[in-house]
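Here's the structure we're looking at; comments come further down.
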Amino acid sequence: MKRKSQNITNKIWSCSAIVVILIVWQAVCSLGWIDSFMLPSPIQVVQAFIKEFPTLMEHSFVTLAEAFWGLALGIALGFVMAVLMDQFEAVYKAFYPLIVLTQTVPTVAIAPLLVLWFGYEMTPKVILIVITTFFPIAVGLLNGFRSADKDSIHLLRAMGAGRWQIFRYIKLPGAMSQFFAGLRISASYAVVGAVISEWLGGFSGLGVYMTRVKQAFAFDKMFAVIFLISIISLLLMKGVDYLQKVCMPWDKE
Amino acid sequence: MSVLKVNEVSKSFEHEEIIENISLELHEGEIVSLLGVSGGGKTTLFNIIAGLSMPDKGEIYLDGEIITGKPGYISYMLQKDLLLPYRTILDNVALPLMIRGEKKQVAREKASEHFAEFGLEGTQKKYPAQLSGGMKQRAALLRTYMFSEKVALLDEPFSALDMLTKGTVHEWYLDVMEKIKLSTLFVTHDIDEAILLSDRIYLLTGKPGTITREIVIKEPKPRGKDFNLTEEFLAYKKEIISHLENSDKL
């Protein structure tokens with residue numbers, strides 16, 4: 001009960017901050033301190049959002065589809081890598097440094113290459129998202145697997161459990177919270193990754209829409225799409241939180 | 001006939017002998033304590049009996065069959081309850097059956113039959129974090145029993161509990177043991193606990209650890225609450241303490 005009311009007070013603070021910023025922003029625009037083609041007012045942004053809503057939804061659908069496939073494959077790849085690295089020390093030694101290396105390569109640098117190799121369709125985008133999303137998943141899971149309680153593992157061994165059973169009963173469920181921590185990051189990476197890859201070539205998607213409105217100097221639409229992307233990322237993260245609560249019922253305390 | 005037999009077991013780590021020539025026997029339905037100071041090689045012996053490590057010399061027999069170095073025959077319970085936090089109490093207790101390959105549903109049914117007997121009624125669907133320390137140890141003992149109805153190793157299972165809880169848990173433990181007749185090798189450093197619970201006590205002393213004395217506790221079971229206040233109890237206690245002190249001087 002106490003925690004809940006505390007939560008509400010926290011929200012009141014952050015909400016009021018946002019409201020104050022919006023008021024100041026609107027005032028700056030209304031008073032004509034900044035030209036409205038340079039910085040559209042919040043009201044103009046909302047108007048643009050409403051007017052462009054059908055188009056935005058169409059593009060969102062494409063971006064979300066890319067993000068979904070990229071994330072799904074990223075989770076699968078991350079999971080397989082984590083299991084292999086946990087079970088085979090040689091795989092760990094060989095691939096862990098390589099995996100870390102992939103994360104030092106800037107995405108904007110490889111995206112154009114991927115477009116050249118795989119064309120303007122969905123493939124290069126999904127690949128880029130896989131590269132950015134598998135890492136938090138793999139590292140989170142691997143840490144979870146490796147921090148499994150040694151005494152519990154010994155007990156299960158004494159009970160005659162094999163490698164696979166130890167994995168299933170101890171390591172996998174024990175790594176769930178780290179997995180979800182990774183998934184939270186990956187989910188927002190997936191959307192951002194999709195948008196970046198669309199900037200660099202494509203026919204539809206929020207990133208393509210962004211480049212178009214930028215070239216038309218339609219800053220109100222630009223802000224509208226920026227907010228939309230933020231909202232999508234936030235919703236995805238909330239979705240992950242919800243999924244975590246459903247999948248980890250023991251974690252309520 | 002002895003259920004569990006440890007025959008002349010020795011083990012050393014990095015050229016230092018930890019235990020030397022240990023032999024002991026556990027008969028059907030008996031509670032036998034292995035009493036010794038901490039660091040005396042109790043845990044080493046324990047891992048060897050559970051099949052988790054190989055002795056340098058000697059064998060372990062279960063029902064006359066050699067099981068040296070083979071896990072999967074004898075389960076144990078530690079001071080840490082080791083209940084898996086993400087499984088309900090029922091699923092924790094049913095785990096040994098599932099490891100053996102029983103179907104989830106069957107394992108659950110078999111496990112839930114014993115909840116009342118162990119005083120765990122109503123905890124089936126709870127998670128370990130929602131239970132008190134004493135209750136968790138009950139669940140851990142039931143899990144050990146589900147693994148084998150014959151023989152179990154208990155390594156200082158109640159030493160993390162406070163005095164008062166310990167008292168009630170001991171009472172509960174003796175009561176349950178009357179019903180299930182689980183042959184138990186009980187490792188402890190608590191002299192009172194050993195006298196209170198055991199049929200026989202082996203004293204493990206020295207470095208490397210060896211068994212230097214065997215004491216039979218003749219008091220019949222079930223033992224009354226105030227057994228630990230009787231003359232007999234004190235006599236056993238004196239005998240054990242003087243033996244431990246004497247062997248320390250050697």
Side-chain angles (χ1 to χ4, degrees), chain A residues 1-3 75 79 82-83 86-87 89 137 140-184 240-253, chain B residues 43 46-53 60 62 67 69-102 104 107 125-131 140-141 143-148 151-157:
Chain A
M1 213 40 223
K2 200 183 170 192
R3 224 173 118 191
I75 291 171
F79 185 81
V83 171
D86 174 61
Q87 296 285 322
E89 193 62 24
I137 304 274
L141 276 173
L142 185 64
N143 281 339
F145 293 158
R146 297 205 144 206
S147 58
D149 182 41
K150 294 276 176 300
D151 289 334
S152 296
I153 292 177
H154 283 161
L155 178 66
L156 257 69
R157 266 186 59 209
M159 288 177 177
R163 209 175 189 181
W164 163 241
Q165 286 176 317
I166 286 172
F167 177 76
R168 181 177 157 199
Y169 292 127
I170 295 186
K171 290 191 167 181
L172 187 60
M176 286 300 261
S177 62
Q178 309 225 37
F179 166 75
F180 277 108
L183 184 60
R184 256 181 129 229
V240 172
D241 287 350
Y242 177 73
L243 201 65
Q244 180 170 14
K245 268 188 195 137
V246 174
C247 294
M248 299 173 62
W250 62 87
D251 207 29
K252 274 178 209 144
E253 306 292 306
Chain B
T43 310
F46 190 88
N47 283 335
I48 291 171
I49 297 175
L52 294 175
S53 72
I60 313 294
L62 180 69
I67 57 156
K70 287 190 216 161
Y73 289 96
I74 296 178
S75 181
Y76 57 83
M77 169 180 171
L78 301 181
Q79 182 181 334
K80 263 165 82 181
D81 57 71
L82 297 182
L83 295 170
L84 303 174
Y86 33 79
R87 294 177 84 84
T88 59
I89 297 299
L90 180 59
D91 283 349
N92 261 297
V93 170
L95 187 61
L97 299 176
M98 286 160 72
I99 287 173
R100 210 178 287 154
E102 299 228 27
K104 201 173 189 175
K125 297 215 165 130
K126 292 197 170 155
Y127 289 99
Q130 296 168 303
L131 260 56
L141 183 67
R143 178 184 54 190
T144 313
Y145 179 61
M146 291 315 293
F147 176 80
S148 155
V151 57
L153 296 179
L154 271 58
D155 188 359
E156 307 196 353

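We name chains A, B, ... by the order of the sequence lines, and we start the count at 1 in each one. The basis for the numbers below is simple: all heavy atoms, side chains too, and nothing from hydrogens, waters or symmetry mates.
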inquiry  = If the contact rule is any heavy atom under 4.5 Å from chain B, which residues of residues 154-165 of chain A qualify, in numerical order?
reply    = A/His154, A/Leu155, A/Leu156, A/Arg157, A/Ala158, A/Met159, A/Gly160, A/Ala161, A/Gln165
ask   = Which of residues 141-152 of chain A get closer than 4.5 angstrom to chain B, counting heavy atoms alone?
value = A/Asp149, A/Asp151, A/Ser152
request  = For the residue pair B/Tyr86 and A/Ile170, establish whether any side-chain heavy-atom pair is separated by less than 4.5 Å.
outcome  = yes
query = What closest approach, in Å, do A/Pro249 and B/Tyr127 show between heavy atoms, and which atom pair accounts for it?
reply =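 Of all heavy-atom pairs spanning A/Pro249 and B/Tyr127, the closest is CG-OH, 3.3 Å.
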inquiry  = So for atom OH, which belongs to B/Tyr73, do other residues, nucleotides or ligands contribute more than 12 heavy atoms lying within a distance under 6.0 Å?
reply    =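 Open: at most 12 neighbouring heavy atoms sit under 6.0 Å from OH of B/Tyr73.
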key: Atom pair OH/CG of A/Tyr169 and B/Leu84 - distance to nearest 0.5 Å   =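 Nearest 0.5 Å value for the OH-CG distance: 10.5 Å.
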request  = Identify which of B/Met77, B/Arg143, B/Arg100 forms the greatest number of heavy-atom pairs closer than 4.5 Å to chain A.
outcome  =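 Winner by heavy-atom pair count: B/Arg143.
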Under 4.5 Å from a heavy atom of chain A, the part of B/Leu95 involved = side chain
